[in-house]
J.: 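Starting off with a structure, shown below.
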Amino acid sequence: MASLSFHLKRPQGDKPTSIFILFTANGKRTKVYTDLKILPVKWDTGEQRAKTYRQGNANQVLNDTLDLFREQLLEFYADQRAKGLVPDAQALRAAIEPKEVSAVPEKADALHAFADWIDYCSRSKRPNTIKVYRTALRHLREFGQYTKHPIDFDYFNLGFADKFTSYLMDQRELADSAIHKNLATLKNFLGYAQDRGLHTNTAFKRFTWRRREPSILTLTAHELRAIADLNLPDGSYLDNARALFLLGCYTGLRYSDISTLRPEHIFETSLRITTQKTAEDQIIPLRPEARRIVARVQAGHVRPISNPKLNQYVKELAQLAGIDREVERVRYSGGKRLAERAPKYAFVTTHTARRTFVTLALEDGIEMSRVMKVSGHRTWAAFKRYVNVTDESAADAFAAAYGQ
């Protein structure tokens, strides 16, 4: 199994130094140097990332590039091992070198054309979107290896769609929402390829898969207060994690936006930012609890950490706060209802914060249109996935309405 980590060539220096990758596989470590450099004081050794607070967008772009390198190297290594090859340092370096992107060759096969399309999209799409595209390509490539059938443009018929979705469901154990996303990505690519004359097959336009969303998890107002009231040492890792998580609960911001907050985003009673996912300008009103956390951010007393670590810490916070009632998380695969039961704290993540914000704002009587404006949702279809009216609030509303 392969793994990798990012390091500085001269971590104690006072000039920009090269970032290299330590790639580990089969008990062997290989140094892969990148063309990226950074001042050591701007590097977080523990997180293996550039510090983003107070540093501007350049460091966030660098971090996105490191994420892309990770995806490219792991995908390249898996592809080479499937062919019985073990890539050396030179081959690994070549896998992450920038490539000249041109129009997709006329006679390119489907898998190569798909890869070229992803390179083309990387000019204008965010790294997370490109990661989704690369995942879809990997599934398609592995499907071809599994079925031992060549993946060419003529193969994309309704029979292929049935086999491919069955493979994603049975062999990859993907939920319906993930299968829908992979099929949508494939259709986008095939539409692009058709527009450029690479094929005349129109069957792909009829590929469908119902997107059944998994159940969502939100915190109640009582549970949110329990986390906020925890007695934690000032400046501890849990105190820091709590501040980041609560800011999401109080503002509805995605963690990608919270982790890159800078002084110019902060005003007396609001935040004004351009969101990373949608690139839209938003004004986020700050409730008193949020203002106190934002003041700590301004003072440099709250530091961003990686999303996986924060997910780990918020589970610990929720457990300490006694949020341990057994709950059921439901997802769907092939229309089948798959349920998993565990203490509620086990399911809490950074995304729980955004969903909690939406649900509690509605429960507090704020108009839906205003909540959508702050959360950045454009349509009810997208917004409704975040609404989770609790049993307690529903009972209270009916009791108030009917005088019980």
Side-chain angles (χ1 to χ4, degrees), residues 42 44 47 49-60 63 218-219 221 223-307 309-311 313-314 316-318 321 348-364 366 370-377 386:
K42 295 184 178 181
D44 188 325
E47 296 293 330
R49 287 290 185 276
K51 297 175 182 177
T52 54
Y53 182 60
R54 298 181 184 273
Q55 301 301 328
N57 287 330
N59 283 351
Q60 184 59 49
N63 287 339
T218 61
L219 300 180
E223 290 167 340
L224 187 59
R225 282 195 300 273
I227 292 177
D229 292 342
L230 282 173
N231 186 15
L232 302 172
D234 290 343
S236 66
Y237 76 96
L238 282 180
D239 178 51
N240 185 74
R242 174 173 63 180
L244 295 169
F245 180 70
L246 290 179
L247 194 55
C249 293
Y250 296 152
T251 65
L253 284 173
R254 299 176 183 87
Y255 183 61
S256 58
D257 296 317
I258 291 174
S259 63
T260 55
L261 278 178
R262 301 192 305 280
E264 57 264 36
H265 298 147
I266 301 171
F267 293 80
E268 185 177 353
T269 60
S270 66
L271 299 175
R272 301 180 187 182
I273 65 171
T274 301
T275 58
Q276 293 198 29
K277 183 173 182 178
T278 62
E280 290 188 346
D281 294 334
Q282 281 186 245
I283 298 177
I284 312 295
L286 293 175
R287 53 194 281 185
E289 301 94 328
R291 292 177 203 168
R292 289 192 286 271
I293 297 175
V294 167
R296 294 179 60 194
V297 171
Q298 280 186 298
H301 297 157
V302 176
R303 59 194 181 278
I305 59 178
S306 69
N307 206 325
K309 280 194 174 181
L310 184 55
N311 281 335
Y313 296 157
V314 296
E316 190 173 344
L317 286 167
V348 178
T349 67
T350 56
H351 211 55
T352 305
R354 182 164 160 82
R355 288 168 167 168
T356 296
F357 166 80
V358 169
T359 295
L360 295 186
L362 293 174
E363 289 183 2
D364 287 340
I366 300 176
R370 298 183 186 276
V371 179
M372 290 178 65
K373 178 68 174 176
V374 173
S375 65
H377 290 99
Y386 286 76

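None of the values given here were measured: they were computed from a predicted structure.
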J.: Do side-chain atoms of Glu47 reach the backbone of Ser306 as a donor and acceptor pair under 3.5 angstrom?
T.: yes
J.: Can you give me the closest heavy-atom contact between Pro233 and Ser236, atom names plus distance?
T.: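 Heavy atoms of Pro233 and Ser236 come nearest at O-OG, 2.8 Å.
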J.: Could you tell me the separation between the OG1 atom of Thr350 and the CZ atom of Arg254, rounded to the nearest 0.5 Å?
T.: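 Answer rounded to 0.5 Å: 11.5 Å.
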J.: If you compare all heavy atoms of Val371 against all heavy atoms of Ile366, which two are closest, and at what distance to 0.1 Å?
T.: CG2-CG2, 3.6 Å
J.: State the NE2-CZ distance between His351 and Arg354, to the nearest 0.5 angstrom.
T.: 6.5 Å
J.: Which atom names give the shortest non-hydrogen contact between Thr356 and Leu219, and what distance separates them?
T.: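 Nearest pair, atom of Thr356 first, then Leu219: OG1-N, 3.0 Å.
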J.: Using side-chain contact (heavy atoms from CB on, under 4.5 Å), reason through Thr269 and Leu286 one step at a time and then give a plain yes or no.
T.: CA-CA 5 Å; Thr269 60; Leu286 293 175; 5.6 Å; no
J.: Begin with the C-alpha distance, continue with both residues' side-chain angles, and end with the deciding distance and a verdict on side-chain contact (heavy atoms from CB on, under 4.5 Å) for Leu360 and Glu363.
T.: CA-CA 5 Å; Leu360 295 186; Glu363 289 183 2; 3.6 Å; yes
J.: Under the ring pair (Phe, Tyr, Trp, His ring centres under 6.0 Å) rule, collect the residues that match up with Tyr255, sequence neighbours excluded.
T.: none
J.: Measure from the side-chain N and O atoms of Asn63 to the backbone N and O of Ala50, and report whether any donor-acceptor pair falls under 3.5 Å.
T.: yes
J.: Distance check, rounded to the nearest 0.5 Å: Ile258 atom CD1 versus Tyr250 atom OH?
T.: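 Result: 12.0 Å between the selected atoms.
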J.: Mark yes when over 12 heavy atoms from residues, nucleotides or ligands other than Arg287 sit less than 6.0 Å from its CZ; otherwise mark no.
T.: yes
J.: Evaluate Thr251 against Val294 for side-chain contact (heavy atoms from CB on, under 4.5 Å), listing each step before the verdict.
T.: CA-CA 11 Å; Thr251 65; Val294 167; over 6 Å; no
J.: How many angstroms lie between atom CD1 of Ile293 and atom CG of Leu261, to the nearest 0.5 angstrom?
T.: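 That separation rounds to 11.0 Å.
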J.: Can you list, pair by pair, the side-chain donor-acceptor contacts under 3.5 Å of residues 241-248, counting residues two or more places apart and other chains?
T.:
residue	atom	partner	partner atom	Å
Arg242	NH1	Ile227	O	3.2
Arg242	NH1	Ala228	O	3.3
Arg242	NH1	Leu230	O	2.6
Arg242	NH2	Asp239	OD1	3.4

J.: Looking at CG of Leu271 and CZ of Arg262, how far apart are the two atoms once the value is rounded to the nearest 0.5 Å?
T.: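 It comes to 12.5 Å.
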J.: How long is the gap from CZ on Arg272 to CD on Glu264, to the nearest 0.5 Å?
T.: 13.5 Å
